[in-house]
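Read the numbers this way: they start at 1 and go in the same order the structure lists the ligands and their atoms.
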Amino acid sequence: MNIGILGAMQEEIAPLLQIFGENHTHEIAGNVFYEVACKNSRIFLAYSKIGKVHASITATTMITHFHCECILFSGVAGALNPSLKVGDLLLASKLCQHDVDISAFGHPLGFIPESSIYIPADPALNAVAKNIAKEQNIPLKEGIIASGDQFIADAAKKQWLIKEFQADAVEMEGAAVAVACNLFKIPFCIFRSISDSADGEADASFDTFLQKAAEVSAHFVKSIVEGL
Ligand code: SAH
């Protein structure tokens, strides 16, 4: 099976390259794809660069060029739900684009005609993740992720995201990967470890905890790949 593993930033895939070892590289559309063998699978690892446009291009390349049959995202996010603390690991149940707004035409926020506000992650992959977390005694929470092309570092905006989308965490790529995978009918799941609380201290917290949080997510993704 070909598996795509995607992060947004170099820091998010660095621990994965350490785990899997660098092998063959391919360069397409401004991304480097690292191809590594793992058991009977071929893994294609890349970071997309930040934001929804980059993430959808990288996910699409993994699907159409490298024929990945499932996509895993490993990265960091800001917590919206007060029960989520720095270093906690979150699995997306469903994802939405919080910066989509055509409400002038009477549509709900986040809605695009012929699409939907939320895109669910693959239930089977999520079930694998939850089983592995249980077996290995890893605390894994599941929740709604809101994605948009903004770093959220503001208490009022944070409350708005909770109110409008019932979101538990916020980041800048997950929903874009969800849209690409959904349209190509490729199962996906999104893991995010918490780097900050999307409030006034988010930038400093992000800088302090990025590396540690990225490692938490990467190590769990390794267990998932071994379990597939
Ligand atoms: N420090 C970086 C920018 C990081 S942007 C630089 O200067 O280049 C934040 C990244 O982490 C995005 O990829 C996003 O998906 C995730 N993220 C973590 N916390 C976030 C938050 N509070 N709001 C939005 N995205 C967040």
Side-chain angles (χ1 to χ4, degrees), residues 4-16 30-32 45-59 62 71-101 109-110 119 121 141 143-181 188-218 220-221:
I5 307 180
L6 173 63
M9 293 172 292
Q10 193 271 336
E11 291 88 342
E12 289 170 323
I13 71 150
L16 288 158
N31 287 149
V32 178
L45 258 162
Y47 74 93
S48 59
K49 298 189 281 292
I50 294 166
K52 292 190 292 167
V53 173
H54 287 128
S56 60
I57 290 171
T58 309
M62 284 178 166
I71 301 277
L72 311 176
F73 191 104
S74 180
V76 303
L80 300 176
N81 187 321
S83 77
L84 287 171
K85 306 292 177 216
V86 166
D88 283 357
L89 187 59
L90 184 73
L91 169 68
S93 54
K94 56 183 183 176
L95 302 102
C96 62
Q97 299 185 60
H98 68 71
D99 53 357
V100 164
D101 182 352
L109 289 174
I119 298 189
K141 301 188 175 167
I144 298 175
I145 289 184
S147 311
D149 288 322
Q150 301 156 4
F151 182 77
I152 305 298
D154 177 80
K157 183 84 196 213
K158 178 175 168 171
Q159 289 314 314
W160 180 85
L161 287 166
I162 297 170
K163 183 171 140 288
E164 293 296 340
F165 297 101
Q166 295 78 52
D168 296 292
V170 63
E171 37 85 311
M172 302 176 68
E173 299 84 16
V177 173
V179 170
C181 290
F188 72 95
C189 61
I190 311 277
F191 299 99
R192 293 279 185 172
S193 175
I194 300 301
S195 56
D196 59 83
S197 296
D199 54 13
E201 277 92 58
D203 52 341
S205 174
F206 178 90
D207 286 341
T208 309
F209 298 111
L210 168 62
Q211 195 185 338
K212 191 86 213 91
E215 281 169 14
V216 169
S217 179
F220 190 69
V221 164

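Atom 6 (C) of ligand 1 is not flagged as protein-proximal [any protein heavy atom, distance under 4.0 Å]. Distance remark: protein heavy atom present below 4.0 angstrom from atom 25 (N) of ligand 1.
Between A77 and ligand 1 there is a heavy-atom distance shorter than 4.0 Å. Not close to ligand 1: E12, with no non-hydrogen atom less than 4.0 angstrom away.
Contact check for V179 versus K52: no side-chain heavy atoms found under the 4.5 Å cut-off. In this structure, L6 and E173 have side chains that are not in contact, with every pair of non-hydrogen atoms separated by 4.5 Å or more.
Checked by atom type and distance alone, the side chain of E12 pairs as donor or acceptor with a backbone atom of V76 at under 3.5 Å. Put simply, the side chain of S217 never gets that close to the backbone of S193: no donor and acceptor are under 3.5 Å apart. Judged purely by atom type and a 3.5 angstrom limit, D168 uses its side chain to pair as donor or acceptor with the backbone of I144.
Considering backbone and side-chain atoms alike, A8 places every N or O at 3.5 Å or more from each N or O of ligand 1.
Proximity of R192 to ligand 1, defined as any heavy-atom pair under 4.0 Å, is confined to the side chain (atoms from C-beta onward). With a 4.0 Å heavy-atom cut-off, ligand 1 is reached by the side chain of D196 but not by its N, CA, C or O. Counting heavy atoms closer than 4.0 Å to ligand 1, residue M9 contributes side-chain atoms (C-beta onward) but none from N, CA, C or O. The proximity of V76 to ligand 1, defined as any non-hydrogen pair under 4.0 Å, involves the side chain as well as the backbone.
Atom CG of L95 sits about 6.5 Å away from atom CD of E171, to the nearest 0.5 Å. A distance of 13.0 Å separates CG in L91 from NZ in K141, rounded to the nearest 0.5 Å. Note that CG of L16 and CG of L45 are 5.5 Å apart. Values are rounded to the nearest 0.5 Å.
The single protein non-hydrogen atom nearest to atom 8 (O) of ligand 1 is I50 CD1, 4.1 Å, given as residue, atom name and distance. When only non-hydrogen protein atoms are considered, atom 13 (O) of ligand 1 lies nearest to E173 OE2, 2.7 Å. The protein non-hydrogen atom at the shortest distance from atom 23 (N) of ligand 1 is I152 N, 2.9 Å.
Defined by atom type and a distance below 3.5 Å, a donor-acceptor pair is missing between the side-chain atoms of D199 and S197.
Near E171, the atoms of ligand 1 lying under 4.0 angstrom from a non-hydrogen atom of the residue are 15 (O), 24 (C), 25 (N), 26 (C). Listed by atom number, the atoms of ligand 1 under 4.0 Å from A198 heavy atoms are 22 (N). Against a heavy-atom cut-off of under 4.0 Å, S195 is close to the following atoms of ligand 1: 18 (C), 19 (N). Near G78, meaning under 4.0 Å from one of its heavy atoms, ligand 1 places the atoms 18 (C), 19 (N), 20 (C), 22 (N).
In this comparison of Y47, F151, F206, the heavy atom closest to atom 4 (C) of ligand 1 sits on F206.
Around CD of Q211, the count of heavy atoms belonging to other residues, nucleotides or ligands within 6.0 Å does not exceed 12. The neighbour count for Y47 OH, taken as heavy atoms of other residues, nucleotides or ligands under 6.0 Å away, does not exceed 12.
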